[in-house]
Each structure stands twice: as structure tokens, then as C-alpha cells.
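Shown below is the structure under consideration.
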Amino acid sequence: MKTYGLIGFPLTHSFSKSYFEKKFESMGLKDHQYQNFPIANIAEIEELVAGRNDLLGLNVTIPYKESVIPFLDELEPEAEKIGAVNTIRILHKGEKVFTTGYNTDVYGFAMSLKPFLLNTHHRALILGTGGASKAVAYVLKKIGISYVFVSRSEGKGKITWKELNADVIKAHPLIINTTPVGTFPNVNDCPPLPTEGIGQQHLIFDLIYNPEETLLLKKARENGAVVLNGLTMLKLQAEKSWEIWNL
């Protein structure tokens, strides 16, 4: 059996598992399976990889996209520049296991954003500073969109949630939520930003895919903004992971 899987904690809902199970079934790959590995400590990845000769690839989700890096043998150059990994390729050479980290969030985000991007979306707010935010920032920098992170802590290139006001929101017509706030089952939660500053000039991209429309997207849509959820991004990065595992 060829096994692939997802590491993170907790894994209360997994798009990846259902996506790849349907994919394997449609391709007639009866010797392929996808499993969830909810590990409470990232160090557990060593035992997981070493103890499974059938394990050929992993996806990585919250909260391990950054902390997994020291446990890998190699990083693909783009993942190294970003400082975050969401896909791991595992090669078995005799008794030795070799792991390489990749970032397919970059591809997924860039391709999802591109069809909706206008010249007026010249300045962005990135909500959150976790692993996903690094991939988002990498893409924005590459395509020439200036950005600032919104964080709980102060720092270079950051503003705090308390500093957000309607004027700041209006000045940043592209807003990307990379935090998990609003994810099922906490569907009544919303990042603490003044949504009254959001208008028709805005593109709001929430990387959350469950629910389909978060409270943030609902409020933004009601204010006339163009809204995107993370489902297309997730599908694209999953397909890119599949490509990598089959190099």
C-alpha cells in the first residue's frame, strides 16, 4: 500500500483526506491511501516517518508549517526562501529515509488570486503571521504588491490589531486572512477588524474553506467587496503536492 497523509493538530476536519480518497478512487488507485496523523508535538514526525515504509508523502497544516523544517533533510529553494513548508516528499532508499520540504501554498494562492486581481489592488493587509502568511507575502512581493502584516505584536512590517481603523482598511484594497479565526465550528468568530471600512474597491481573500463563507466574507460581501474563500487554493496546492510526490 502507498500511503500519504496530513500532519497537524488538531485535525478536526480534513479536506485533504476526502479530496485524495476521491482522487484515488477516480483514478482506480486501489493500492493508495490517505490518512490523518494528528500529532500533538512536531517531534513525533521522526517516529512517524521512520516507522512507516509505506509513507511516501505528507501535507502539513496548522501549527507545524514552520516548526517542521528542522526535522527535514532538505528544503526546496522556494520553501527555504519562504520559511514555511506544507508538503513533504519522502524517499525510502533501503533502510534510509530522506525527506524534502516544499511549499505548494505559493502556487495555490497565486493561481487563485490572479483572476480577480486588479491594478487598484496595489496595497495589501495580511491578517496573521503564521506559516500561511509567509507564502502569501512571498507571492505579493513577487508580483509587486506592497503589504503589511496585522499581528498581536509590534514589529517591522507589522501593525497591531488595535491600530486598525476604517481609514487603514480603506487604504488597503486587498485583504488576506491567513488566521484560523472563523473556521468551523467557530463560525460566528471574525478577525477583529473594522469591516465598515470595506467597500466595493476591496478584494477580500479568506484562506479558510470551511465554512464556505466565513463571517468576515459575509460582512465584506454585504459591503460590496469581491470575496474569495480558500477552497480553490486548497485544491490547487493539493494537486501540486500530488505532482511532487510523483516526481
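Heads up: numbering here begins at 1 and tracks the sequence.
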Checklist entry - Which residues, ordered by chain and number, are linked to Leu55 in its hydrophobic cluster, where ILVMFWY side chains connect at heavy-atom gaps below 4.5 Å, directly or through other members? => result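 Under the 4.5 Å side-chain rule, Leu55 groups with Ile7, Phe9, Phe37, Ile39, Ile42, Ile45, Leu48, Val49, Leu58, Val60, Tyr64, Val68, Ile69, Phe71, Leu72, Leu75, Val85, Ile88, Ile90, Val97.
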Item to check | Set of salt bridge (charged side-chain N to carboxylate O under 4.0 Å, His left out) partners for Lys81, sequence neighbours left out | outcome: none
Hey, can you pull the donor-acceptor pairs under 3.5 Å for the side chains in residues 185-200, sequence neighbours left out?
none

Checklist entry - For the residue pair Tyr209 and Phe15, is the inter-centroid distance of their aromatic rings smaller than 6.0 Å? => result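 Yes, the ring of Tyr209 comes within the 6.0 Å limit of the ring of Phe15, centre to centre.
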Next on the checklist: On a heavy-atom basis, which atom in Ser133 and which in Gly128 lie closest, and how many Å separate them?
Outcome noted: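 Scanning both residues, the minimum pair turns out to be CB-O, 3.4 Å.
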Next on the checklist: With rounding to the nearest 0.5 angstrom, report the CD to OG1 distance, Glu74 to Thr100.
Outcome noted: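 Reported value, rounded in 0.5 Å steps: 4.5 Å.
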Item to check | Contacts of type salt bridge (charged side-chain N to carboxylate O under 4.0 Å, His left out), residue Lys142, not counting sequence neighbours | outcome: Glu78
Checklist entry - Distance from Leu91 atom CG to Leu56 atom CG, nearest 0.5 Å? => result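 These two atoms lie 8.5 Å from each other.
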Checklist entry - Residues sharing Met111's hydrophobic cluster, by side-chain heavy-atom contacts under 4.5 Å among ILVMFWY, directly or via others? => result Tyr107, Leu236
Item to check | Heavy-atom check, side chain of Ile62 versus side chain of Pro180, under 4.5 Å | outcome: yes
Checklist entry - What distance separates Asn210 CG from Leu231 CG, expressed to the nearest 0.5 Å? => result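 Between atom CG of Asn210 and atom CG of Leu231 there are 9.5 Å.
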Next on the checklist: Using salt bridge (Lys or Arg N to Asp or Glu O under 4.0 Å), reason through Glu25 and Lys30 one step at a time and then give a plain yes or no.
Outcome noted: CA-CA 7 Å; Glu25 185 178 356; Lys30 295 181 179 179; over 6 Å; no
Item to check | Qualifying residues under salt bridge (charged side-chain N to carboxylate O under 4.0 Å, His left out), relative to Lys22, sequence neighbours excluded | outcome: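 None.
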Checklist entry - Sub-3.5 Å donor-acceptor pair from the side chain of Asn223 to the main-chain atoms of Ala225, do we have one? => result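 Side chain of Asn223 to backbone of Ala225, a donor-acceptor pair under 3.5 Å: no, none is there.
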Item to check | Nearest non-hydrogen partners of Thr104 and Ser241, listed with the distance | outcome: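 That closest heavy-atom pairing would be OG1-OG, 3.6 Å.
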Item to check | Lys134/Asp105 salt bridge by N-O under 4.0 Å criterion | outcome: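 Looking at Asp105 and Lys134, the cut-off is not met.
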Checklist entry - Does a side-chain heavy-atom distance below 4.5 Å link Leu174 with Leu125? => result no
Checklist entry - With sequence neighbours excluded, what pairs up with Glu21 under the salt bridge (charged side-chain N to carboxylate O under 4.0 Å, His left out) test? => result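 In terms of salt bridge (charged side-chain N to carboxylate O under 4.0 Å, His left out), with neighbours along the sequence ignored, Glu21 is linked to Lys17.
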Checklist entry - Which heavy atom in His202 sits nearest to a heavy atom in Ile204, and how many Å separate them? => result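 Shortest heavy-atom contact: CB-CD1, 3.9 Å.
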Checklist entry - Can you name the one residue among Val227, Val226, Ile176 that meets side-chain contact (heavy atoms from CB on, under 4.5 Å) with Leu203? => result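 Only one of Val227, Val226, Ile176 forms a side-chain contact (heavy atoms from CB on, under 4.5 Å) with Leu203, namely Val226.
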Checklist entry - Are any of the side-chain heavy atoms of Thr178 and Asp206 separated by less than 4.5 Å? => result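 Counting from C-beta outward, Thr178 and Asp206 never come under 4.5 Å.
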Item to check | Check: Phe20 ring centroid to Trp245 ring centroid under 6.0 Å | outcome: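 Between Trp245 and Phe20, which both carry aromatic rings, the centre distance is below 6.0 Å.
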Next on the checklist: Going by side chain to side chain contact (heavy atoms under 4.5 Å, CB included), name the residues that satisfy it together with Asn53, two or more places apart in sequence or in a different chain.
Outcome noted: His92
Item to check | All ring pair (Phe, Tyr, Trp, His ring centres under 6.0 Å) counterparts of Phe149, not counting sequence neighbours | outcome: Tyr147
Checklist outcome for this item: What one should report as the nearest heavy-atom pair of Glu66 and Gly130 is OE1-C, 3.8 Å
Next on the checklist: Quick one: does any side-chain atom of Glu222 pair with a main-chain N or O of Lys219 as donor and acceptor, under 3.5 Å?
Outcome noted: no
Checklist entry - Partners of Glu80 by side-chain hydrogen bond (donor to acceptor under 3.5 Å, both in side chains), sequence neighbours excluded? => result none
Checklist entry - Taking side chain as C-beta onward, heavy atoms only, is Leu207 less than 4.5 Å from Asn177? => result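 Side chain of Leu207 against side chain of Asn177, heavy atoms only: no contact under 4.5 Å found.
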Checklist entry - What heavy-atom pair brings Ser112 and Leu228 nearest, and what distance separates the two atoms? => result O-CD1, 4.1 Å
Checklist entry - To the nearest 0.5 Å, how far apart are CZ in Phe116 and CG in Leu118? => result 10.5 Å
Checklist entry - Salt bridge between Glu239 and Lys23, side-chain N to carboxylate O under 4.0 Å? => result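 A salt bridge is present here (some side-chain N lies under 4.0 Å from a carboxylate O).
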Next on the checklist: A side-chain contact here means heavy atoms from C-beta on lying under 4.5 Å apart; do Thr61 and Leu6 qualify?
Outcome noted: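 They are in contact (side-chain heavy atoms under 4.5 Å apart), so the answer is yes.
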Checklist entry - Out of curiosity, does Tyr102 fall in the hydrophobic cluster containing Val106 (side-chain heavy atoms, cut-off under 4.5 Å, transitive links)? => result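 In one cluster: no.
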Checklist entry - Is the shortest distance from a Lys or Arg side-chain nitrogen in Lys158 or Glu154 to a carboxylate oxygen in the other one below 4.0 Å? => result no
Next on the checklist: For Glu212, is the CD atom crowded, meaning more than 12 foreign heavy atoms sit under 6.0 Å from it?
Outcome noted: no
Item to check | Atom pair OG1/CD1 of Thr214 and Ile208 - distance to nearest 0.5 Å | outcome: 5.5 Å
Next on the checklist: I want to check something: taking the side chain as every heavy atom from C-beta on, are Thr3 and Gln35 in contact at a cut-off of under 4.5 Å?
Outcome noted: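 Sidechains of Gln35 and Thr3: in contact.
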Next on the checklist: Could you report the tightest heavy-atom contact between Ala84 and Asn103, atom names first, then the distance?
Outcome noted: O-ND2, 3.0 Å
Checklist entry - When the ring planes of Tyr4 and Phe24 are compared, do they come out parallel, tilted or perpendicular, using 30° and 60° as the limits? => result tilted
Checklist outcome for this item: Those residues at least two apart in sequence (or on a different chain) that pass ring pair (Phe, Tyr, Trp, His ring centres under 6.0 Å) with Phe109 are Phe205
Checklist entry - So how far is it from Leu164 CG to Ile175 CD1, rounded to the nearest 0.5 Å? => result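 Answer rounded to 0.5 Å: 8.0 Å.
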Checklist entry - What residue pairs, at least two apart or across chains, pass side-chain hydrogen bond (donor to acceptor under 3.5 Å, both in side chains) with a residue in residues 116-131? => result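 Listed once each, the pairs would be none.
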